[in-house]
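Shown next, in structure tokens, is the structure this report addresses.
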Amino acid sequence: MKSKEIRSAFFEFFKSKQHIVVPSAPMVIKDDPTLMFTNAGMNQFKEFFLGNSEPKNTRVTDTQKCLRVSGKHNDLEEVGMDTYHHTMFEMVGNWSFGDYFKEEAIAWSWELLTDVFKIDKDKLYVTIFEGDKSEGLDRDTEAYNFWKQHIAEDRILNGNKNDNFWEMGEQGPCGPCSEIHVDIRSDEEKAKVSGAELVNADHPQVVEIWNLVFMQYNRKANGSLEKLPAQHVDTGMGFERLCMVLQEKQSNYDTDVFTPLIREIEAITNTKYGKDEEKDIAIRVISDHVRAVAFSIADGQLPSNTGAGYVIRRILRRAIRYGFTFLDKKEPFIYKLTDTLVKQMGDTFPELVSEKNLIINVIREEEQSFLRTLDQGLVLLENVISSASSKTISGKKAFELYDTYGFPIDLTALILRERGYNLNEKEFESELKKQKDRSRAATKVETGDWVVLHEDDVEEFVGYDTLETQVKITRYRKVESKKEGELYQLVFNLTPFYAEGGGQIGDKGYLEASDGEVVYIIDTKKENNLIIHFAKNLPRNPESSFKAVVNTQHRSNTASNHTATHLLHQGLRNVLGDHVAQKGSLVHNKYLRFDFSHFSKVSDEELKQVEDFVNARIHENLALQEQRGIPYQQAIDEGAVALFGEKYGDAVRTIRFGNSMELCGGTHVPNTGNIWHFIITSESSVASGIRRIEAITGEFAKNYFIDRSNEYAEIKKTLNAQNPVKAVSNLQEENATLQKQIQELLKDKAKNLKGELKNELETVNGINFLAKEVDLDASGMKDLAFEMGGEIDNLFILFGSKQNGKALLTCYISKELAADKDLNAGQIVRELGKHIQGGGGGQPFFATAGGKNPEGINEAISKAKGYIS
Ligand code: ATP
Ligand code: MG
């Protein structure tokens, strides 16, 4: 079976069990502060497990793009070394949200693997949770009893809390799990060691393929467990591992998921996979990492210096570095794999197709710049080696190379080894740890348990229609971080506060109690679909009811920028073309920032056209036309613009102003006229093929004009002119004339000086000698000396000069004279330079020195004759 067929067979099977197939969520997570990347199929359903929202379907199935390179799941260092861990992989799974539980989950997984996929039952083992005394948890005999209806009891193994008790995080839903492992070794090997002994022992041919999680508890902040009101099933199977088993391969990289990429790498690098272990690792690393990087760029996450972007940059750099060291690729080449990847996976993940050019450009540019870094790093490392006092290089130095220049530590170690040096790895590790501890301490957040005040189902957002409403706090918790100190997070039964999302910042405002007490809401954010209001303190009577009031000024400024963002998007497509796609957006109350794909700098003329376009829409007073809760497909059919990397539900909201129509959850002005005016304040590049525009609207645009107009008045006053443009151009003209006159005067002065100096020449031992202080700068002295040298043979000159409180010496000796008498101007200025407390040098016939002691010039001049007498 081809991988494509395997994927669809999985879906077909669960469809036959009444599951709905849902799309993969983006790999890059935007609304969960605890997670940067999707690392398991269940991430996108967290809100259902936590009870924050109601699922529309209680049985769903999908394939989820996962990335395991940071946080709790970090497989990065394994990838390439082994044959079954990837950075980015597909996790196929089935879910029950309070619907079926262990019995069905176990029976169906077995039916799919053994009946549909026909995996030999003798290859399979399953594990169940053995219980844990310290937690007061019993063995999962329920699961055991269901399994033994399908599989021999000696193939059901006990697993400890580490492997068989799954937790979402430090807090939240958790429960026992059952894993399915497959033994793909040869019969011969199986006869030697039983597979049961190799389960969970990191054997590359006895691997876990599927994990069935049974969520039945909730972990509280104090560590204790309580039973969940509704029980859920969360299963995840590694798609590439499943393909390995079904295609009867020994490695994920031998399946058709990877072979096209590997063939391409072989062709580009002129190597053969499977001949040399080091090269094989490099090829696996590159074929794996290019997927992770391409998928994340398609999801809108570009490599950068911070956060998720930095993680992506590191993955790509790891691939470049393996190519550099083991495949001898010193030129960009990874970007060339994009075509193959898109051909192979574009059907299932269409975002790869539409973002192909961007992926190619971004990867190529990153490759170029990192290869430059490697070059520079090699030079720096050379310096470290040549100045080393022993054969062990300090870990601090290596850390500096790593931290400041991004030079990979394994490369440092390798090069040092090749050169017969050691790296003090302990010292490096300790520097690294220090840095990690610092950043961990800075970002650590202590989160308390939710305190429930009122039972409620789903928190409702009413802020599109009203900015003020009566609310109750349904629950709150305390959070503490170094950065923000102690804060309270409040959840309401309903709320007018918009939570940060879709690029738009969260609302601010306050709660007012009936006794007049006011508690400020300083920010609003979303976490797993829960709207969380941040306050510095709790109200005195948190259980009572409050008037919740959004800061209208803040909201309307933000709304103005959001609507302007839509118009800008439309304007850019209009002026630059349909290739323009939104790549990032920040809608602030003070300004807006918009990143978009475009291959070159936007010219001033184009910017002007875009600005005019947006202002024309503003002056048309276009009224907001909004649709809520319409089906996604209908919105798209009506022409709404959707963004890649954004997670849309089945029912969406559309925002329309004239011909601009977008899927959007943000807040907008009722009429474009409310924006007043739109001004682009900057245009720049963010990455290859991505431009950034910043702009302002409303009162900020008004203030911009007021400031400019004040400046203008100031300029008129300073110039004392009614027409400052004319006045400035007059000044420029006048200035040019003066410059010319000065040049001429200087020339005259030099001519006169030359005449005077010629008269002062002395003959010493047949040499035309002159030593004198002159009022010329370095280049003036040089010109004069060379001019005199052109006219007079056998010449020796020493000029001294005082310029800006510093001393200068210039020595000129005719070439023949220098050669005949073995004189060296460089040597002479170095010696005479001591008198002016400085140094210098040059050639035998011309040299200069500078120093900080002008008092010594006379002394130097008086010593000059000594060199020829
Ligand atoms: P392992 O012990 O092999 O690292 P895991 O316990 O981390 O696996 P789970 O978190 O249970 O795995 O994930 C569910 C399934 O996803 C696994 O059974 C496996 O098939 C697959 N999987 C996990 N990590 C990776 C990875 N890095 N690359 C490819 N597939 C993976
Ligand atoms: Mg793992």
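When a residue number appears, it is its place in the shown sequence, counting from 1. First listed ligand is number 1; within each ligand, the first listed atom is number 1.
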Q. Between Arg59 and Glu104, is there a salt bridge with N-O shorter than 4.0 Å?
A. no
Q.
Within the structure, is a non-hydrogen atom of Ile209 found at a distance of less than 4.0 Å from ligand 1?
A. yes
Q. Regarding Glu240 and Asn252, is there a side-chain donor-to-acceptor distance under 3.5 Å anywhere?
A. no
(Q) Checking the N or O distance criterion of under 3.5 Å, is ligand 1 in contact with Glu240? (A) no
**Q.** Ring-face cation contact, Tyr84 with Arg241, 6.0 Å cut, 45° max
**A.** no
Q.
Taking distance alone, with N or O pairs closer than 3.5 Å, would you say Met91 contacts ligand 1?
A. no
Q.
I want to know if ligand 1 touches Asn252 in the polar sense, i.e. an N/O pair below 3.5 angstrom.
A. no
Q. Side chains of Glu130 and Asn164: do they bring a donor and an acceptor to under 3.5 Å?
A. no
Q. Counting only heavy atoms, which portion of His86 has something under 4.0 Å from ligand 1: side chain, backbone, both, or neither?
A. both
Q.
What I want to check is whether the side chains of Tyr144 and Glu153 have a donor and an acceptor closer together than 3.5 Å.
A. yes
(Q) Starting from atom 19 (C) of ligand 1, what is the nearest protein heavy atom, named by residue and atom, and what distance separates them? (A) Arg241 NH1, 3.4 Å
(Q) Show me which atoms of ligand 1 lie under 4.0 Å from any heavy atom of His73. (A) 10 (O)
Q. Between Trp210, Phe239, Trp166, Phe89, which one has a non-hydrogen atom sitting closest to atom 31 (C) of ligand 1?
A. Phe89
(Q) I'd like to know whether Thr87 forms a side chain to side chain donor-acceptor pair (under 3.5 Å) with Asp288, so could you lay out the CA-CA distance, the side-chain angles of the two residues, the decisive distance to 0.1 Å, and finally the verdict. (A) CA-CA 7 Å; Thr87 53; Asp288 174 278; 2.4 Å; yes
Q. Of the listed options (Met42, Arg68, Glu179), which comes nearest to atom 13 (O) of ligand 1 when hydrogens are ignored and any heavy atom counts?
A. Arg68
Q) Are side-chain heavy atoms of Glu47 and Leu530 found at a separation under 4.5 Å? A) no
(Q) Checking Arg321 against Thr325: is there a side-chain donor and acceptor pair closer than 3.5 Å? (A) yes
Q) Nearest to atom 27 (N) of ligand 1, what protein heavy atom do you find, and at what distance? A) Asp75 OD2, 2.6 Å
Q | Protein contact of atom 15 (C) of ligand 1 - nearest heavy atom, named by residue and atom, plus distance | A | Gly236 O, 3.5 Å
**Q.** Donor-acceptor pair between Asn200 and Asp163 side chains, under 3.5 angstrom
**A.** yes
Q) How close does the nearest protein non-hydrogen atom get to atom 1 (P) of ligand 1, and which residue and atom is it? A) His85 NE2, 3.5 Å
Q: Identify, for atom 6 (O) of ligand 1, the protein heavy atom at the shortest distance, and state residue, atom and that distance.
A: Glu208 OE1, 3.2 Å
Q: Determine, using heavy atoms of Tyr84 and all atoms of ligand 1, whether some pair is separated by less than 4.0 Å.
A: yes
Q: Go through the side-chain N and O atoms of Ser24 and Gln64 and say whether any donor and acceptor fall under 3.5 Å apart.
A: yes
Q) Looking only at protein heavy atoms, which one is nearest to atom 11 (O) of ligand 1, and how far off is it? A) Asn211 ND2, 2.8 Å
